[in-house]
Amino acid sequence: MKSLQIAWKDTLTRFRDWKALVGLLGAPLIISTLIGLAFGNIGGLGGTEAPISNIEMILVNQDAGDLGANYEEVLTSEGLQDLLNVRQMNDLEAARAEIEAGNARGVLFIPAGFSDALIPEEGSTGEEAMSGSVELYLDPAANISPFIIQSIVEQITAGANTILLAAGVTADQIVEQAELLGPAMENLAPVLTAELQPENFDFSSQKLTLNKIEVGEARESFSPFAFFIPGMAVFFLMFSMFDGSRSILLEESRGTLPRLMTTPTPIWQIILGKMGGTFMTGLLQFTILVIASTLIFGISWGSSIPGLITVVVLTVFAASGLGALLTVFARNETQASIVGSAVSLVFGALGGSFFPAENFSGVINVISKFTLNRWAMQGLTTLTIRQGGFNDILLEAGILGAIGLVTFSLALWAFQRRFVK
Amino acid sequence: MTDTILHAENLHKSFDEINAVNGVSFEIQRGEILSLLGPNGAGKTTTISMLSGLLKPTQGQAYIDGHSVLSDAEAVKQTIGVVPQEIALYPTLSARENLAFWGKMYGLRGSYLQERIAAVLEVAGLAERADAKVETYSGGMKRRINIAVGLLHQPKVLYMDEPTVGIDPQSRRRILDTVMELNQSGLTVLYTTHYMEEAEELSNRIGIIDHGQLIALGSQSELTKTVGEFDIVRIGLEPDGLDYAALSAALQKIAGVNQALIEDDELILQAQEANAVLSKIVSTIDKANGRIRSIKIEEPNLEAVFLHLTGRALRD
């Protein structure tokens with residue numbers, strides 16, 4: 001099929017152009033590295049400023065004891081001030097409604113008597129004491145923020161548990177040893193027992209610092225690269241897809257497209273070949289970025305290879321279709337270049353290539369859903385951050401596929417109308 | 001010349017309000033070189049574009065080797081080879097890669113494709129540089145590969161649209177020689193140019209095209225006969241702020257002077273028996289305070305024909 005010959009020729013010429021290669025592969029890797037080093041804590045080289053900020057969270061603390069206060073203090077501490085935007089509410093149902101309305105990514109519910117349940121009253125058994133629990137409600141529509149919230153809460157909970165356990169074990173051992181030491185020490189036992197009661201510990205004085213944020217079921221360390229590499233990959237993919245589509249106009253002005261049309265090759269095959277070349281270039285670009293980022297930064301693209309292939313192929317399909325559709329309406333290469341760059345930037349900003357789109361609220365959040373970056377990023381971060389499987393990316397795959405199918409078909413039709421005079 | 005291989009009948013092409021081609025009709029015999037001679041924008045490329053299936057005629061019909069450009073474009077495209085005015089090649093691919101790609105577009109495959117690539121590289125004289133990227137070639141070399149692409153599938157008719165534009169005289173000479181050699185091997189050529197000398201040297205017949213109309217068609221001798229006894233007199237003038245309009249009007253009043261126009265400080269006159277009226281011409285220029293730099297009298301040629309038919313110089 002001649003379309004494949006044209007597509008292969010385009011891919012070959014693109015990858016032979018070192019200037020184009022810088023844009024295709026160099027820029028996304030370099031910029032991701034710079035952003036990752038600036039915001040992450042990679043190998044101790046970077047800062048520790050949170051790459052993701054102002055995650056909306058609600059705390060419903062009905063506990064009057066120290067443990068509830070401890071959660072509250074850590075969540076509203078200075079160290080998490082930039083990362084979390086914690087609001088306090090009293091009504092759990094109202095707080096959950098905020099998640100459904102898209103105004104919050106997570107709700108931590110600390111029930112009344114939580115501290116009392118964990119810190120046993122005198123005479124009660126340990127089994128009863130450990131039955132208290134907090135409840136965490138997360139936004140299923142978001143990928144990154146809920147996992148950060150979950151990780152922080154898990155850190156606080158783990159820290160509190162460690163202290164409680166250590167305190168209990170130490171008190172029991174000292175009392176036990178005191179009895180064995182003989183009558184001289186007998187009087188110590190009741191004193192120690194009384195002093196080592198957990199309520200005498202000031203949990204709020206414990207410094208539960210956030211050393212790392214653990215996310216996902218696999219509890220992998222959250223790396224900023226897991227967000228920024230896909231973000232930059234999609235962002236630069238858009239550029240290269242617009243650039244690739246623009247090559248049709250370039251071929252028109254250079255005379256190779258008219259010459260192609262004087263060969264016994266149907267026009268639809270020529271256009272399909274040109275668009276196919278853009279698609280192949282994008283596919284190769286994304287594949288190399290996936291491999292390079294895995295080898296260089298060690299980021300995990302998830303455990304679902306079929307899921308990753310599906311998202312990547314459909315993202316490239318949608319991007320190349322959109323690029324072609326916008327190009328077909330451009331008057332010339334310059335106009336196509338300007339429109340392509342503008343759309344790439346706007347889609348990148350609105351679609352979550354730079355900041356998690358799930359943190360957008362209101363109209364911006366709605367508009368964001370009209371960008372293919374949003375769905376591509378959602379699909380990719382589902383795999384890289386949530387470590388989701390094939391079934392978890394079906395919605396994103398469907399939307400990307402639909403965008404690709406519609407834009408590709410329209411562009412194929414419109415290009416034929418444009419060039420057959 | 002035994003039979004018609006190309007027949008164009010009343011071709012029209014309009015772009016919005018502009019009539020680029022307006023009722024062009026001609027035939028080309030098998031084995032003939034026919035040149036379409038005309039200034040830039042005359043409609044030569046549009047005519048070739050319609051004959052190659054690139055543009056649909058607004059009106060009219062054309063047949064190439066019996067195939068209609070309207071209803072059997074695929075067969076037409078297989079029959080013709082096209083050498084466009086632009087260097088329509090991929091600069092980052094080598095000549096061999098370019099030829100392989102274009103050959104595949106004509107449906108050539110495998111060893112036959114390789115044979116054809118080798119053959120056309122020989123024609124272009126670039127076999128030794130075949131694996132160098134086209135972007136490293138000189139203008140003339142690019143032009144030769146541009147021609148080689150059009151020969152890959154061994155077309156019956158070769159369209160060459162101003163193939164010598166922008167190249168050095170040596171490369172131009174080589175291309176003209178190639179065209180003549182190809183024609184001697186039996187290839188029919190439709191050649192467009194705005195260089196009178198090329199049309200005169202190459203063509204069996206010449207069509208003069210202007211403002212989208214074919215205003216004359218015939219062999220060079222047939223065309224020059226239409227001018228009759230008119231010679232072309234070229235007089236170079238010193239640029240001294242002459243009133244050219246007044247001078248032109250005065251010169252046309254001289255008996256025997258048919259046309260007088262001034263272009264880039266050169267006076268171009270069409271005159272019957274130029275030697276007889278030359279003294280009157282010089283005298284008129286002198287009265288107008290013009291200073292003569294050079295005088296040249298030319299026998300009737302295609303330029304004279306064009307001037308005679310349009311009232312304008314060919315290079316206008």
Side-chain angles (χ1 to χ4, degrees), chain A residues 1-24 243-244 246-274 276-278 280-281 331-333 415-421, chain B residues 13-16 20 45-46 48-58 64 67 69 72-94 97-98 100-109 113 133-135 142 146 149-150 152-153 155 158-159 161:
Chain A
M1 194 177 179
K2 290 176 183 174
S3 295
L4 282 177
Q5 300 287 349
I6 296 169
W8 176 243
K9 179 268 298 171
D10 272 11
T11 309
L12 191 67
T13 50
R14 179 61 67 87
F15 275 84
R16 274 188 184 177
D17 182 355
W18 67 269
K19 285 179 194 164
L21 277 183
V22 170
L24 283 175
D243 197 45
R246 199 160 53 86
S247 78
I248 301 180
L249 303 184
L250 189 67
E251 285 220 37
E252 186 187 25
S253 63
R254 280 184 179 170
T256 42
L257 184 69
R259 184 171 217 169
L260 272 170
M261 290 168 69
T262 66
T263 67
T265 309
I267 179 69
W268 67 266
Q269 277 210 38
I270 296 172
I271 305 299
L272 190 64
K274 290 297 300 173
T278 309
M280 277 170 71
T281 302
R331 196 168 288 175
N332 50 42
E333 295 159 53
F415 267 127
Q416 288 186 67
R417 281 181 60 85
R418 176 174 177 152
F419 293 127
V420 177
K421 296 172 184 167
Chain B
K13 184 65 189 178
S14 302
F15 299 104
D16 298 323
T45 301
T46 306
I48 277 201
S49 296
M50 284 190 283
L51 294 173
S52 55
L54 188 58
L55 293 177
K56 281 184 181 171
T58 312
I64 289 94
H67 305 291
V69 294
D72 201 4
E74 192 98 347
V76 167
K77 289 173 179 179
Q78 200 69 57
T79 306
I80 61 170
V82 179
V83 180
Q85 192 171 336
E86 305 88 2
I87 307 289
L89 301 168
Y90 298 103
T92 56
L93 299 184
S94 69
E97 287 168 334
N98 264 286
F101 171 75
W102 289 106
K104 285 170 188 168
M105 291 301 104
Y106 280 103
L108 310 185
R109 294 285 183 276
L113 173 61
K133 286 182 181 176
V134 166
E135 65 188 358
K142 287 176 186 170
N146 206 32
V149 169
L152 270 168
H153 61 298
L158 184 66
Y159 299 166
D161 191 9

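In the text below, chain A, chain B and the rest are named by the order of the sequence lines, each starting its count at 1.
- Formation of a donor-acceptor pair under 3.5 Å by the A/Arg16 side chain with backbone atoms of B/Thr92 is found in this model.
- Smallest separation of non-hydrogen atoms from B/Glu86 and A/Gly255: OE1-CA, 4.2 Å.
- Atom CG of residue A/Leu4 and atom NZ of residue B/Lys104 lie 11.0 Å apart, to the nearest 0.5 angstrom.
- Heavy-atom distances place no part of A/Gln269 under 4.5 Å from chain B, backbone and side chain included.
- Of the atoms belonging to B/Phe101, it is side-chain heavy atoms, and not backbone ones, that fall under 4.5 Å from chain A.
- Minimum heavy-atom separation, A/Thr256 to B/Trp102: O-CH2, 3.5 Å.
- A/Leu12 touches chain B through its side chain: at least one heavy atom from C-beta onward sits under 4.5 Å away, while N, CA, C and O do not.
- Heavy atoms of A/Lys9 lying under 4.5 Å from chain B belong exclusively to its side chain.
- Under a cut-off of 6.0 angstrom, the local environment of CZ in A/Arg254 is sparse, with at most 12 non-hydrogen atoms contributed by other residues, nucleotides or ligands.
- For B/Gln85, no part lies under 4.5 angstrom from a heavy atom of chain A.
- When each of B/Glu74, B/His153, B/Lys133 is checked for heavy-atom pairs under 4.5 Å with chain A, B/Glu74 comes out on top.
- The environment of B/Arg109 atom CZ is dense: over 12 non-hydrogen atoms of other residues, nucleotides or ligands sit within 6.0 angstrom.
- Both the backbone and the side chain of B/Asn146 have a heavy atom closer than 4.5 Å to some heavy atom of chain A.
- Within the 3.5 Å criterion, the main-chain N or O of B/Val82 finds a donor-acceptor partner in the side chain of A/Arg259.
- With hydrogens and angles ignored, the 3.5 Å screen pairs a side-chain donor or acceptor of A/Thr265 with a backbone N or O of B/Met105.
- The line from OG1 of A/Thr262 to CG of B/Leu51 is 12.5 Å long, rounded to the nearest 0.5 Å.
- A/Leu260 touches chain B through backbone and side chain together, each having a heavy atom under 4.5 Å away.
- Heavy atoms closer than 4.5 Å to chain A are found in both the backbone and the side chain of B/Leu89.
- Looking at B/Val149, both its backbone and its side chain come within 4.5 Å of chain A, counting heavy atoms on both sides.
- Rounded to the nearest 0.5 angstrom, B/Tyr106 OH and A/Thr263 OG1 are separated by 6.0 Å.
- Heavy atoms only, all atoms of each residue included: A/Met261 and B/Leu54 are closest at CB-CD1, 3.4 Å.
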